[in-house]
Every structure is written in C-alpha cells, then in structure tokens.
Trainee: 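Next up is a structure, given as structure tokens.
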Amino acid sequence: MKNDFFSKKITNWYLQHKRDLPWRNTQNPYYIWLSEIILQQTRVAQGMPYYYKFVNAFPTIQDLANAEENEVLRLWQGLGYYSRARNLHKTAKMVVEDYNGIFPKKYSELLKLKGIGTYTAAAIASFSSGEKVAVLDGNVYRVLARVFGETTDISGKDAKKVFTQLAESVLPDDNSAMHNQAIMEFGALQCTPALPNCMFCPLSMECIAYATGRVGVLPVKSKKIKVKERFFNYFIIEQNGNFAMRKRKGRDVWEGMYDFYLKECEENIQDLLYLATEDMFLTDLMKKSLIKRESITYTHILTHQRIQTKFWHLEVQENFLVDLPQELEWYSLNEVDDLPKSTLVNNYLKEFVF
DNA sequence: GAGGCGTGGCG
DNA sequence: TCGCCAAGCCT
C-alpha cells in the first residue's frame with residue numbers, strides 16, 4: 001500500500017460519513033479537552049448530554065477552576081470513572097495557576113497534566129493546532145490490526161509500541177487533525193468491533209483481515225476480565241428529614257462520591273441482628289430506630305465487580321440523640337440531592353426518598 | 001506494569 | 001444471563 005493511500009481513503013470516507021459533533025466545530029483546546037475526557041471509555045451518545053452540561057456550567061476554564069469539587073462530581077454523576085472528574089478539576093486549577101489560564105496545545109505540555117495520557121494529548125494537540133502526532137485508541141488498534149493484519153496481542157505490553165509505529169507510518173505530514181478524526185470515526189462507524197459490513201468498506205480491497213477471513217478475530221485480545229463478587233449492606237439513617245452520609249475515600253469504587261453507613265460482608269447477610277453484632281454504633285442505633293424499609297437485594301454491575309446490595313432504611317425516633325461515626329454527617333433532603341452520588345445510591349434515593 | 005476504575009448497550 | 005465493549009489513565 002502506498003504511503004498516503006490509507007490516509008486518502010479514510011479522510012475521503014470521513015468527509016462523506018462523519019457525524020456532526022459539537023466538539024468538532026471548535027479549535028479551542030479547552031472544549032476539545034472537555035470532550036476528550038468525557039469520551040474516554042464512553043460512547044458518544046452517553047457522553048453528549050454531559051458535554052453540553054459542562055460547557056453550559058463552565059464556559060471558561062476559570063469557571064471550572066473556581067468550582068467546588070463536589071459541584072464538578074455532581075455534574076459528572078451517572079457517567080462513571082469519577083477519577084476523570086476529579087482530575088478534570090485538578091487540571092483546570094493547575095492551568096489557571098501555572099499556565100495563566102491558557103490551555104496548552106503542545107503534545108509534550110499536555111502530557112504533564114492530570115488525566116491526560118498519550119491518546120488525549122495527541123487528540124488535543126492535533127485537533128487544536130494540527131501538531132503531527134498520531135492518536136492511538138481502541139478504534140485505531142482495531143482498524144490497523146485488521147487492515148494490516150497485525151496479530152500482536154493488544155492486551156500485551158508490546159502492543160503500544162507496535163501499533164504506535166503503525167499509526168505513525170500512515171499519518172500524513174499535514175492534515176493530522178482530520179486524519180486522526182477520520183481513523184477514529186472509521187473505526188466507530190465502519191470498522192466496528194462486531195459484524196462490520198465489509199461490503200461497503202472503502203478499504204476492503206486492501207484489508208488483510210478481510211482477504212484472509214480474519215475480520216472476526218482481529219484485533220487479538222487475550223486478557224479476559226475477572227469479576228469480583230461483593231456484598232454491601234447500606235444503612236440509610238434518617239432523623240427529622242435529615243440523612244447521615246459520608247464522602248467515600250481511599251482506593252475503592254466511587255471515590256469522592258457520597259453514600260451511607262456501609263457494612264460490607266463476605267456473603268449475602270439478610271439478618272439485621274447479625275449485622276449489628278460487634279458493631280457498637282449499629283447496636284446503639286437499633287435501640288433508637290424503627291425500620292422504615294428493608295429493600296430487596298439489588299445487583300449492581302461494574303466492569304470488574306458484581307455488588308449485591310441491600311438497603312436498610314432506619315428512622316431514628318425524634319427524642320434520641322445519635323452519636324455519628326467520624327466520617328458521617330447530617331444532610332437535609334435538599335443537600336442530599338446536591339451531593340454527588342453513585343448510580344447505585346442515586347437509584348435508591350430516586351425510587352424511595354425523593 | 002498489572003490491576004483497578006462506571007455505566008449502559010448490544011448480540 | 002452473560003460477556004464484551006466505548007475517544008484511557010493512574011498507581
């Protein structure tokens with residue numbers, strides 16, 4: 001295949017088939033950055049409403065930097081991978097303080113920022129200034145693996161080097177912005193993971209996977225995910241319309257999001273008395289409370305975890321004073337609504353409390 | 001550098 | 001129901 005043939009083909013295809021997406025109508029690195037962080041491991045349809053929410057709430061990077069972290073997380077609520085939102089906020093503050101509020105456009109500078117890795121730096125640099133750097137994301141892995149019959153395992157450690165070299169070899173000297181958009185859009189719409197329609201593909205004549213009947217097995221991906229089982233018992237502690245909640249900390253799911261008093265077990269425990277044994281706080285609480293609701297067991301699915309969860313909604317009687325553990329604090333219903341919460345917690349609140 | 005991090009959609 | 005995926009990054 002001639003050097004620029006590949007790029008010509010996909011950019012021509014792109015001009016005919018591209019979606020009109022809002023972040024493609026700007027060269028402002030701030031807006032491009034917002035869209036790229038939102039779209040990490042996320043479908044366009046899922047990320048789109050969040051892009052509009054963030055642009056409206058924070059028209060400039062100064063607006064984002066001046067916000068509270070909780071406000072940023074609350075806006076991100078429901079999108080998942082919440083470290084993206086925490087890093088988004090950190091980076092906004094850093095750009096305002098260290099870069100005079102001017103969002104960088106250079107690949108090497110972008111890489112220094114929290115939450116921006118090789119893919120995102122290449123995307124922002126090429127889209128905002130045309131810098132000649134090749135993007136390498138899931139789409140690019142797939143397109144290159146199929147067209148060039150590259151069988152290197154994309155979950156292995158050699159993959160990044162091998163595919164980066166391939167991606168750079170097809171990158172034209174000029175037009176890197178459109179080329180990068182094109183190869184990703186081509187992967188998203190034409191060279192899809194499952195059942196691509198190769199009859200309509202402009203590269204079917206050159207595609208090695210197609211010629212050798214290996215479209216279904218490329219790219220090679222050996223690593224399988226292991227799913228861990230977990231069992232949560234959430235205690236919704238309510239008194240006079242106020243709720244006891246805490247901000248999650250540490251290296252676990254939903255860091256920075258708010259939830260309730262939690263007892264995690266090795267198995268699904270249905271017995272409240274058993275849960276309270278050796279827990280002084282719960283034991284005391286049960287003397288002062290009525291069980292307002294005992295929920296069914298919900299199964300919340302994450303990529304690496306299946307969390308079986310039961311909610312115990314306790315209403316503390318008016319005349320009792322409850323000594324909350326360190327991390328818990330009382331919040332009114334309006335405050336609860338404003339706090340950032342996981343989808344698991346938010347779904348329960350939406351169904352039974354709000 | 002292998003493992004961890006969310007949610008929703010699809011076959 | 002289940003597994004895989006969707007514009008990756010951090011530790």
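Just the heavy atoms: all of them, side chains too, but no hydrogens, waters or symmetry mates, feed the values below. Every chain is numbered from 1, with letters handed out A, B, ... down the list of sequences.
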Trainee: Applying side-chain contact (heavy atoms from CB on, under 4.5 Å), can you list everything that pairs with A/Tyr298, at least two apart in sequence or on another chain?
Mentor: A/Ser295, A/Ile296, A/Phe311, A/Tyr348, A/Glu351, A/Phe352

Trainee: Apply side chain to side chain donor-acceptor pair (under 3.5 Å) to A/Thr152 and list each qualifying residue two or more places apart in sequence or on a separate chain.
Mentor: A/Glu150

Trainee: Are the side chains of A/Tyr31 and A/Pro22 in touch, meaning some heavy atoms are under 4.5 Å apart?
Mentor: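 They are not in side-chain contact.
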
Trainee: Atom CG of A/Leu39 and atom C1' of C/dC9: how far apart are they, to the nearest Å?
Mentor: 15 Å

Trainee: Going by ring-ring contact (aromatic ring centres under 6.0 Å, His included), name the pairs with one or both residues in residues 45-69 of chain A, residues two or more places apart or in two chains.
Mentor: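 Applying ring-ring contact (aromatic ring centres under 6.0 Å, His included) to every pair that reaches into residues 45-69 of chain A, excluding sequence neighbours, yields A/Trp23-A/Tyr51, A/Phe54-A/Phe58, A/Phe54-A/Trp76.
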
Trainee: Defining pairs by Watson-Crick or G-U wobble geometry with both distances under 3.5 Å, how would you list the stems of DNA chain B with at least three pairs each?
Mentor: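 Result, WC/G-U stems under 3.5 Å: B:2-5 with C:8-11, B:7-11 with C:2-6.
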
Trainee: Treating primed atoms plus P, OP1 and OP2 as sugar-phosphate and everything else as base, which nucleotides of nucleotides 6-11 of chain B get B, S or - for protein heavy atoms under 4.0 Å?
Mentor: BBB---

Trainee: Using the test side chain to side chain donor-acceptor pair (under 3.5 Å), find all partners of A/Tyr141 that sit at least two apart in sequence or belong to another chain.
Mentor: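 If we apply the side chain to side chain donor-acceptor pair (under 3.5 Å) test to A/Tyr141, skipping adjacent residues, there are no hits.
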
Trainee: Given atom NZ of A/Lys157 and atom P of B/dG3, what is their separation to the nearest angstrom?
Mentor: 14 Å

Trainee: Would you indicate whether the side-chain heavy atoms of A/Glu255 and A/Arg86 approach each other to under 4.5 Å?
Mentor: yes

Trainee: Atom NE2 of A/His89 to atom P of C/dC10: distance rounded to whole Å?
Mentor: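 That distance rounds to 17 Å.
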
Trainee: Considering only heavy atoms, which members of residues 21-34 of chain A lie under 4.0 Å from some atom of DNA chain B?
Mentor: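 DNA chain B contact set from residues 21-34 of chain A: none.
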
Trainee: Tell me who clusters with A/Phe281, hydrophobic residues only, linked when side chains sit under 4.5 Å apart either directly or through other members.
Mentor: A/Phe235, A/Ile237, A/Tyr261, A/Ile269, A/Leu272, A/Leu273, A/Tyr274, A/Leu275, A/Leu282, A/Leu285, A/Met286, A/Ile291, A/Trp312, A/Leu314, A/Val316, A/Phe320, A/Val322, A/Leu324, A/Leu328, A/Trp330

Trainee: For A/Ser176, give me all partners under side-chain contact (heavy atoms from CB on, under 4.5 Å), at least two apart in sequence or on another chain.
Mentor: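 Once residues adjacent in sequence are excluded, the partners of A/Ser176 under the side-chain contact (heavy atoms from CB on, under 4.5 Å) criterion are A/Ser126, A/Leu171.
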
Trainee: Using whole Å, what does the distance between atom P of nucleotide C/dC4 and atom CD1 of A/Ile225 come to?
Mentor: 6 Å

Trainee: Side chains of A/Thr343 and A/Asn346 only: does a donor on one sit below 3.5 Å from an acceptor on the other?
Mentor: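 No donor-acceptor contact under 3.5 Å links the two side chains.
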
Trainee: Table please: side-chain donor-acceptor pairs of residues 188-197 of chain A below 3.5 Å, with sequence neighbours left out.
Mentor:
from	atom 1	to	atom 2	distance (Å)
A/Gln190	NE2	A/Asn197	O	3.0
A/Thr192	OG1	A/Ala194	O	3.2
A/Asn197	OD1	A/Met199	N	3.3

Trainee: Using side-chain heavy atoms (C-beta onward) and a distance below 4.5 Å, is A/His304 in contact with A/Lys228?
Mentor: no

Trainee: Nearest whole Å is fine: how far is C/dG3 P from A/Gln305 CD?
Mentor: 16 Å

Trainee: Using modelled atom types only, decide if a donor and an acceptor are shared between the side chain of A/Arg43 and the backbone of A/Leu39 within a distance under 3.5 Å.
Mentor: no

Trainee: Could you pull out all residues at least two apart from A/His17 that satisfy side chain to side chain donor-acceptor pair (under 3.5 Å)?
Mentor: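 If we apply the side chain to side chain donor-acceptor pair (under 3.5 Å) test to A/His17, skipping adjacent residues, the hits are A/Trp13.
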
Trainee: Roughly how many Å apart are B/dG8 and C/dC9, using the P atom of each and rounding to a whole number?
Mentor: 23 Å

Trainee: What is the distance from NZ of A/Lys226 to P of C/dC4, rounded to the nearest Å?
Mentor: 14 Å

Trainee: To the nearest Å, how far apart are A/Tyr141 OH and C/dG8 P?
Mentor: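 Atom-to-atom, A/Tyr141 to C/dG8, this comes out as 10 Å.
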
Trainee: Heavy-atom contacts under 4.0 Å between residues 107-120 of chain A and DNA chain C, which residues?
Mentor: A/Leu113, A/Lys114, A/Gly115, A/Ile116, A/Gly117, A/Thr118, A/Tyr119, A/Thr120

Trainee: How about A/Ile208 and A/Arg146: do any of their side-chain heavy atoms sit closer than 4.5 Å?
Mentor: no

Trainee: Start at the 5' end of DNA chain C and walk down; is the nucleotide closest to A/Asn87 or to A/Gln181 reached first?
Mentor: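 Residue closer to the 5' terminus by nearest nucleotide: A/Gln181.
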
Trainee: Does A/Lys221 make a side-chain N or O approach to OP1 or OP2 of C/dC5 shorter than 4.0 Å?
Mentor: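 Result: yes.
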
